[in-house]
Amino acid sequence: MRKILERQLKNLHQDFANMGFDVASAIQNAIDAFESNDKELAQKVIGNDQNINEQEIYLERKAAQVIALQQPVASDLRILITILKASSDLERIGDHAVSVARAGLRIKEEKKNALIEEAISDMSKHAYEMLEQIIHAYVENDEQLARDVALSDRKTDEYLKKIRKEAFRSMQNDPDFIGSGTEYIVVASHIERIGDYVTNVAEWIVYTNTGRITELG
Amino acid sequence: MDEFITTSDVHLYYGKKEALKGINLSFPAKGINALIGPSGCGKSTYLRMLNRMNDLIPQVTTTGSVKINGVDIYSPKTDTVDLRKKVGMVFQQPNPFPFSIYENVTYGLRIAGVKDKQLLDERVEHSLKQAAVWDEVKDDLHKSALSLSGGQQQRVCIARVLAVQPDVILLDEPTSALDPVSSGLIEDMLLTIRDKYTIIIVTHNLQQASRISDRTAFFLNGELIEAGKTKRVFLNPQRQETDDYISGRFG
């Protein structure tokens, strides 16, 4: 009688990982679009978000079904709770990728700041790697990796501080830069939130393994 | 959806007591259907309508129509032996005949006049394999079926039903007398044969109904309260009574 439950859990596991990969490529594309001012790519990220939202709804519906019909307990139940909670986190990461793509479209070419752009580029690479690693930790059920990823979220916070400081400084020097400076801060804030959501996912991976709800990072 | 079994306005009276109060319920060909409801709700009575087992109970009167594959099984032309070959039944208590395992499984075929030893051997192996008990009994086919454990006996009884190649298998609480491991084996086995037979199972075990069935029908006080896809019935029942029953608020 475990056969059905095992198969369904396996499918959900796979579907969750796939959603993670899709969200990761949304971030990657949003950053690429931001860096290269590629409007088409930015639009693609925005359009593709619907697909990510649908994946979350699908996972929620399926997980609810498995809970109702199979009455899982212990580690099986924890796996499902993790999928339910962490899929919302992934969905929010997707929303932030869209916001990054949108903000990128608003920054005017002549009002760019190379120093800030470089910092955002590094910051977003780091956030992307965090997400990639957390999906890996989920697939491999690697609690230690999840904890390490959560710990590395400090770096995104530091990037945000640095970008904000530099943006404020530039805006004070050049009032015409206020528009771009604000957008840079918005973009960096979105990336910082991505790091927070990745940390949430890490917390759910720890929960799957230990049954403990913890606050990481 | 093509309905394989259709019951319309089925009433059944034990003497003056109305046990089924006008049941309209259909089942498509193939798949697992669960009948649930508290004791005395009529679900077993309804199940027995489907192969006319109630005929054997004195003072029972029935009205309404029961059609299986388009044929009215309550027509005077119906041969109940033929009917029960097409619509096999497994009971709560394993009831192997006091013969060998082999003779148990071939019993129905022998009654039907099959004498070909090779065919009988093939059917025994195939049926016991389908019933997920072959590996446990293949070296002891000529031992008495009564020497087996309860769970094995029940699977041999299922093999006995499968051997005559029925269209429909009725199971009346087939696992309630068994331990959880044996119950699990029977549930797994039903899942492996769900594509080949129309299976209707009466169960008090709601988890069992939700785990394995494709469709669920909920009976209460001789009435059909609700029927539909199991995921719908267990996640989003339309009737308050169903919600209360499956949530354990009564029954």
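Just the heavy atoms: all of them, side chains too, but no hydrogens, waters or symmetry mates, feed the values below. Residue numbering restarts at 1 for every chain, and letters A, B, ... go by the order of the sequence lines.
Around atom CD of A/E118, no more than 12 heavy atoms belonging to other residues, nucleotides or ligands sit under 6.0 Å away. For A/E40, the CD atom is loosely surrounded, since the number of other residues' heavy atoms within 6.0 Å does not exceed 12. In the displayed structure, A/K162 atom NZ is contacted under 6.0 Å by at most 12 heavy atoms of other residues, nucleotides or ligands. Around atom NE2 of B/H126, no more than 12 heavy atoms belonging to other residues, nucleotides or ligands sit under 6.0 Å away.
Contacts between B/T216 and chain A at a heavy-atom distance below 4.5 Å are absent for every atom of the residue.
The two atoms that bring A/Q70 and B/S210 nearest to each other are NE2-O, 4.3 Å, heavy atoms only. Closest approach of A/Q65 to B/L235, counting heavy atoms only: CG-CD1, 3.4 Å.
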